[in-house]
Number of protein chains: 2
Amino acid sequence: MLGNAAAIRSNTQSFAKGERIYTRNETAHHAHAVLEGAVRASHCLPDGRRHLSAFHLPGEIFGLDSGALRSHETEALVKTTTLAVRLDDLDREAGIDPGLAWGLCNLVAAELRKAREHMVLLGRKSALERVAAFLLEMDRRLATTGAMSKGGMSLPMCEHDMADYLGLSSETVSRCLTKLQASRIIVMSKRRTVRFLDRAGLHELDAS
Amino acid sequence: MLGNAAAIRSNTQSFAKGERIYTRNETAHHAHAVLEGAVRASHCLPDGRRHLSAFHLPGEIFGLDSGALRSHETEALVKTTTLAVRLDDLDREAGIDPGLAWGLCNLVAAELRKAREHMVLLGRKSALERVAAFLLEMDRRLATTGAMSKGGMSLPMCEHDMADYLGLSSETVSRCLTKLQASRIIVMSKRRTVRFLDRAGLHELDAS
DNA sequence: CGGACCGTTGAAACCAGTCAAAGGATGTGG
DNA sequence: CCACATCCTTTGACTGGTTTCAACGGTCCG
């Protein structure tokens, strides 16, 4: 979807675990398509409170939602490679190629729908509902990648990141995961590895 | 911005207070530019909990963020007129006119940035911070319209709608507004009419 | 082997939700 | 123009889900 047009320069970039990809208020140079790994987009309040507005997983795109300056910062959660596309090329080509511009518009619109859905979670769901919804979301989005083995789904983020994505404290996330295991709805054999025992039960808890 | 191209049919539509503009799961036919009035976008959970993902005010656009089917419903808060643009025309013209497609893409991207900022509010701010942020947001967005008279800013939505937008209960919104008045930061002379006494104090409470 | 990070669990405090009641505003129809 | 019903707003008392604080064991990595 990105980088098909000949006049758009792209290159793969690699980021180590924890490495910053871009920072708030920095000039935006590239959009990225995640090839491998995982990325978090974080917003901080002056007093240090943090919120993650998105995770970006393989096959997904980020860094398009920019004015001239970045509104948030992004970091690699694990070793990550992206296909980086120069925004000035994209801007120029999108001004010429309507198919490209319209395709990008629909990508961003889909992103907006997801964001609005997440707002409902943040505004109206209980802690257990949020965690259940999160697991189902990750299951869906990781399904296409190598993160699903027979042992279960391997999550790339720590519980603190989940908490900041879900508007909870990390302790509450831990308690919810413990409760889901006690209810025989999931099992976590290894750290960050989740297997569903009762998917219908999860959907019921999700409440959406 | 919308409807400039000759081949795009548009017409003004009028909606009474409380009238539905479109419903969830309905086929999307039009995008709208608000000419006058105000619109709420609402999402409901199966058990009746409601969340408002956006208010749309004069000069703003909504209904672009759609796949084939609407993901949420929209209603007029007060008597509202919109410029309605046929989505099939838009789709066809955007496939031809790159300037149009790219302009729409940037509109949607701006919408996405606003949505992500609102997530921070929903995920990490206290009730008082949310209400303070809301008042400042409305002040900014209503500044261009006739909603600002010498008596203050006239809000088009009730406190229940504010609550569902901010992820609070309407009682909590009422208590926060009362507290802001007791602190001499705002005054509400008439229902839904707010005047700022201490704008710096509001920004301080907002915490962003 | 040591240290930082991660995850778990318990106890206590607190913020916001819920329930309830009452008064005020708005709009309708007689 | 008034009577009445409905919706909106405010306020109090209580409840409870989540956060906070703290401590501990486990894991990963240098």
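Convention: sequence-line order gives letters A, B, ...; per-chain numbering from 1. These figures come from a predicted structure and were not determined experimentally.
When the P atom of C/dG24 is taken as reference, atom CE of B/M188 falls 17 Å away, rounded to whole Å. Rounded to whole angstrom, the span from the NE2 atom of A/H160 across to the P atom of C/dA4 amounts to 18 Å. For the pair B/L177 CG and D/dT10 P, the interatomic distance rounds to 7 Å; values are reported in whole Å. Look at CG on B/L77: it is 15 Å from C1' on D/dC7, rounded to the nearest Å. One atom, CD of B/E159, and another, C1' of C/dG17, lie 16 Å apart when rounded to the nearest Å. Rounded to whole Å, atom C1' of C/dT8 lies 15 Å from atom CZ of A/R192.
Under 4.0 Å is where a charged nitrogen must lie from a carboxylate oxygen, and between A/E111 and B/R116 at least one such pair does. Between B/R20 and B/E26 there is no salt bridge, since no side-chain nitrogen of the basic residue lies less than 4.0 Å from a carboxylate oxygen of the acidic one.
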Test log, rule salt bridge (charged side-chain N to carboxylate O under 4.0 Å, His left out), inputs A/E73 and A/R24: CA-CA 5 Å; A/E73 75 175 44; A/R24 179 169 156 75; over 6 Å; no

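Taking the six-membered ring for Trp and the full ring otherwise, the centers of A/H43 and A/H51 sit at least 6.0 Å from each other. When ring centroids are compared, A/Y22 and A/H29 stay outside the 6.0 Å threshold.
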Sequence-aligned protein contact record of nucleotides 17-22 of chain D, with B where the base is within under 4.0 Å of a protein heavy atom and S where only the sugar-phosphate is: -SBBB-

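Listed nucleotides C/dG7, D/dT11, C/dT26 differ in distance to B/R191; the shortest reach to its side chain belongs to C/dT26.
Using a 4.0 Å heavy-atom cutoff across all strands shown, B/S170 reaches no nucleic acid atom at all.
Under the 30°/60° scheme for interplanar angles, the aromatic rings of B/F62 and B/H56 are found to lie parallel.
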